[in-house]
Structures are given as C-alpha cells and as structure tokens.
Protein chains: 2
Amino acid sequence: MDFYKSEPKVLLAVDCIIFGFNGESLEILLIKRGFDPERGKWSLMGGFVQPDESPEGAASRVLKKLTGLENVYMEDCGIFGDPNRERNGRVVSLAYFALIDTHQYEHIISDEYEAHWFPLTTYPELIFDHQQMIDKAKRELRTKAALYPILFELLPEKFTIPQIASLYECVYNIELDKRNFSRKLLASDLIIKLKEKDKENSKKGAFFYRLNTEIYREKIMSFLRYLPGWSMDE
Amino acid sequence: MDFYKSEPKVLLAVDCIIFGFNGESLEILLIKRGFDPERGKWSLMGGFVQPDESPEGAASRVLKKLTGLENVYMEDCGIFGDPNRERNGRVVSLAYFALIDTHQYEHIISDEYEAHWFPLTTYPELIFDHQQMIDKAKRELRTKAALYPILFELLPEKFTIPQIASLYECVYNIELDKRNFSRKLLASDLIIKLKEKDKENSKKGAFFYRLNTEIYREKIMSFLRYLPGWSMDE
DNA sequence: GCAAAAGTGTTTTTCTTACACCCATGG
DNA sequence: CCATGGGTGTAAGAAAAACACTTTTGC
C-alpha cells in the first residue's frame, strides 16, 4: 500500500491575499507576526495544510481565523515553491486571494493577530516572497475581473453604480466615464434597481442596486467577449 | 532554526496536462502507467517535487522526461489536494498545462512510457482526479487564450492563418468566419508574412507567417480589451 | 474548366466614446 | 439658488459581423 515511501515530503503552506474595498480604495489585510520566525514583521496571513484538509480548506480556515468570515470568494493564484524562498527550511506555499466587503469585517478576532488594512498603493515591507504573491494576486484579479464580474464580491449586498465604477477605477488604476459605465452595466442585466437611494455620497443620492444572482452565476461562467457568441460550457 | 518541526508534511506531486495541436484537432498526451499503483491504467504524466527543485521545475523535468522538450510554455492551472483524492495516502498535486507543437514531438523517449496522443473529445478513463484536472486546464486555457495570444505556442514557427483559425475553432468549439478572423489577426501586427506558401492543405496555397516576437511579448502581457486603453503594467 | 480553399472589398450593424444637458437636493 | 454628483440623450467614430466576389491551382 505504501508506494511512495521513498518520495520526499514537504511542508505545504497557504497564504491569503485578502482584498477589501471600503468605497474609496482597494486594500489588503496584513498581520504583524506574533510568532517566530520573522516575529514582529508584516506578512500575509497564512498557515499549514493539515492532513485532513484540502488546501482550499486550509485557506478558508486561515481566513476565518483572522476575519471570522465564511463563504468568502477565494481563488488560488499561484504556487510559490522556490527551494530557497524561506531561510528556515523548505516550504511550498499556495497563494489564495480572497475578496471581501470590508464592512462585513467587524467581528474580527484581531486580538490574536495584529491585523491592519493597508491601501494597495502603500503598505509595509513584507517577509519572504509575500510581495511577489501580492503582485501575482493583483495580476490574476485584473485578468479574471476583465472577463468575469467577480468584483461584485468586494461590495456589500446593496451598492450603487458610482461605487462599482470607483471600484473598477481602483483595480485597474484608470478613470472611467461614469455615464457610459453605468449604461453598459445596466445593459448587462447584472444588477437590479432598488427603491432606496444612497444619500451619503451626494446630494441627489444614487440608487441602490443588488446583484441579479441568476445572471451573475451565468456570467461568472461565461463572460468572454473575445469570441463571437461563445459560452464556457461546451 | 527548526520552527515548523511540529507541522505535518505532505507528498507534493505535479501532473502535466500536455496539449498538442496537429493541424486538425486539439489533443492531450497521456501515458499508460507502467508502475504501481494503478499500473496499466491511463493517466497524466506526473512526478514528485524533489527537495532541490521548485514545482515549476518539477513540471518541466517531468515534461522533458516524457517528450524530450525544453523551454515549453507551461502554466499552473489548479491545486488538487482533497485528502481522499488518492487511495494510497495523502498526495497534493499541482496541475500544470503545457502547450506544445506536436510536430516537434519526434524525439520522444516513449520507450520508457507508453505514451499516446488522444483527441480532447475522446480519451480513455483516467485515474484519480485527472479528469477534473483536464477540465480545469481546458477552462484555464480558454480563459487565458481569450485575453492573451498563447495559442501560438501550439503552432510551429511557420504557420498559416487558416491553421490558427482552426486552432481557435478547436479550443472554443466554435466556427469562425475565416475571412474576418484573418483580417483581425493581421490588424494586430502579431504576425509577419513570409514569402513561402503552404500547399499541403489547399490548391491555391496559404501564405506562411511567423510571430512578431516583439509585439507578441507586449501583447502577452496586455491583451485586455475590456477596459479602455489600459495595460497590465501599472 | 471546375471545385475548393485563400483572401479582398464592401455594406450593415452593433458597440464605444465623447459630451451636451437635465435632475435632485443639501447647504 | 447654486454647486455637486447622478443620470439620460444623442451623435460621431470604431469595431465586429455578414457576405458577395475574386484569386489561384490541382485535378
């Protein structure tokens, strides 16, 4: 039964790039390590894959431990396994990015970890190759979000069109014509208008919308516009 | 120095989804296992990550061992680590897809492995979760190729426009208007016309082209058309 | 000379972009 | 009553799609 006895084993870790959007800027959640090695330095939240769990499971566990959140959108976004990436022995790390709405992030158990949100434009130096992980996660996020409407995962249930627009502006570091953006989005049938208005950010107030989950599920699987009338599931 | 002594180690494998295009159909390269466990069954080519190599390194090594090819386009496309995915103990496997031109595939060391190309439409049942790996690789290939011109990696140095068109048709399972496709491609400046013609596939003959590697390198990093005038590197 | 694939020209339609202008409202 | 962001209308321009038609050549 033990066919692979002679094969080498490695320590397998997961690290989470946790993206959050507060309405103004795109941010990542970092922790100040309270444990060795590299105690006291800033890093991504991570952990080791346990014998009874899958890597995704480990990533979810780690995320929940830090934020208290479950059922969060996560996606693996890279394998970091250079033999010398950690000085303290061989660790292969699987990077996952998570998209959360920062407003849900109240019930944080941050007593245990010294966690802090940083804007993606300025954050402290990080240990190991965590900087590269963030870069990779950013690229993956941009690529994926160009085809699939995953950025909605960063917004609360009720959101306004100006909010989404500014989210896209943050992610791609561009300026959008909000008027055209709004129309394009409405034409996709992805969002449903609500009666309420958000009066926080303007005098006139912007209508709230919610996701049309049916269309969303459809589009999240087939948003490719490069090829004529083609959908992912064939 | 030994901070992680108490953490569990796992066997870490790589499995390669090797895509090839022969001008007619998109195929994958499978091997008939000549070793236990699951001896005699069809599977992806794989191997274990060694202490002195990165996972990408392991994937390249495995690919080279089977095909003799080096410097092949590869990309990780999924982490398969369900605790019960193998009956013979815990193995986490990292899936990589490779794109190769089947015509380069002559110097195969297939004595050691019983390898065979199968069309993506019909191939034998596979061990473990290799079927899911192929599904994932297909999805990733489609997503990536919708934004970046990676499908050229499947073609020989000299190729014709009808060849690329039929490749896209294979990958996305669609029919293209070859006339419009041709113009669109030429407009991108990605390819350079050669003097020669390929007379194999038609009486008139189709001109050969080669990649404009400069434009290629540029586009492979920024082919997103979803957002106005935006490039990946900011 | 005809069948078959390659490739060009042209029209139609659809999508993007730019921007003028109206709307609602808190101060 | 006006400054401010939210939102609609509209017209110009670009890109995609559809398709008629010409080119080349092996048989």
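Only a predicted model underlies this, so the values are computations on that prediction, with no experimental measurement involved. Chain naming here is simple, since letters A, B, ... match the order of the sequence lines and numbering starts at 1 in each.
At whole-Å resolution of the value, CG in Leu185(A) and P in dG7(D) are 11 Å apart. For Phe207(A) and dG5(D), the CZ to P distance is 19 Å, given to the nearest whole Å. One interatomic measurement links the two molecules: CD of Glu200(B) to P of dA6(C), which rounds to 13 Å at whole-angstrom precision. Asp177(B) places its CG atom 14 Å from the C1' atom of dA5(C), with the value rounded to the nearest Å. Between the P atom of dC15(C) and the NZ atom of Lys184(B) lies a distance of 14 Å, rounded to the nearest Å. Between Leu176(B) atom CG and dA18(D) atom P there is a gap of 11 Å when expressed in whole angstrom units.
One distance of note links CD of Glu153(B) with CG of Leu155(B); it measures 9.5 Å at 0.5 Å rounding. Taking CG of Leu185(B) as the start and CG of Asn180(B) as the end, the distance is 12.5 Å to the nearest 0.5 Å.
One finds a salt bridge joining Glu70(B) and Lys64(B) here, because a Lys/Arg side-chain nitrogen approaches an Asp/Glu carboxylate oxygen to under 4.0 Å.
For Lys203(A), the side chain to side chain donor-acceptor pair (under 3.5 Å) criterion is met by no residue, not counting sequence neighbours. Residues forming a side chain to side chain donor-acceptor pair (under 3.5 Å) with Lys41(B) (at least two apart in sequence, or on another chain): Glu38(B). Contacts of Lys193(A) classified as side-chain contact (heavy atoms from CB on, under 4.5 Å), with partners at least two apart in sequence or in another chain: Phe207(A), Tyr209(A). Looking at residues two or more places apart in sequence or on another chain, you find no side chain to side chain donor-acceptor pair (under 3.5 Å) involving Lys136(B). With sequence neighbours left out, the salt bridge (Lys or Arg N to Asp or Glu O under 4.0 Å) criterion links Glu169(B) to Lys178(B). Considering only residues two or more places apart in sequence or on other chains, Asp198(B) meets the side-chain contact (heavy atoms from CB on, under 4.5 Å) condition with Thr160(B), Gln163(B), Glu200(B), Asn201(B), Phe208(B).
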Listed pairs, N/O of protein and of nucleotides 24-27 of chain D, under 3.5 Å:
unit_1, atom_1, unit_2, atom_2, d
dT25(D), O4', Lys203(B), O, 3.4

Under 3.5 Å, which protein N or O atoms sit close to an N or O of nucleotides 8-12 of chain C? Give each pair with its distance.
unit_1, atom_1, unit_2, atom_2, d
dG9(C), N7, Arg183(B), NH1, 3.0
dG9(C), O6, Arg183(B), NH1, 3.4
dG9(C), O6, Arg183(B), NH2, 2.9
dT10(C), O4, Arg183(B), NH1, 3.3

Below 3.5 Å is the cut-off: list the nitrogen or oxygen pairs between protein and nucleotides 11-13 of chain D, distance only.
none

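Geometrically, Lys144(A) engages Tyr148(A) in a cation-pi contact defined by less than 6.0 Å to the ring centre and at most 45° from the axis.
For residues 120-132 of chain B, the side-chain hydrogen bond (donor to acceptor under 3.5 Å, both in side chains) pairs, not counting sequence neighbours, are Arg85(B)-Asp129(B), Tyr123(B)-Gln131(B), Gln131(B)-Asp135(B).
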Could you please spell out the steps behind the ring pair (Phe, Tyr, Trp, His ring centres under 6.0 Å) verdict for Phe128(B) and Phe80(B)?
CA-CA 10 Å; Phe128(B) 308 147; Phe80(B) 293 78; over 10 Å; no
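A heavy-atom distance below 4.0 Å to DNA chain D is reached by these residues of residues 158-165 of chain A, ordered by number: Pro162(A).
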I'd like a table of donor-acceptor pairs (distance under 3.5 Å, sequence neighbours excluded) in which one partner is a side-chain atom from residues 23-33 of chain A, with atom names and distances.
unit_1, atom_1, unit_2, atom_2, d
Ser25(A), OG, Glu27(A), OE2, 3.0
Arg33(A), NE, Pro37(A), O, 3.0
Arg33(A), NH2, Pro37(A), O, 2.9

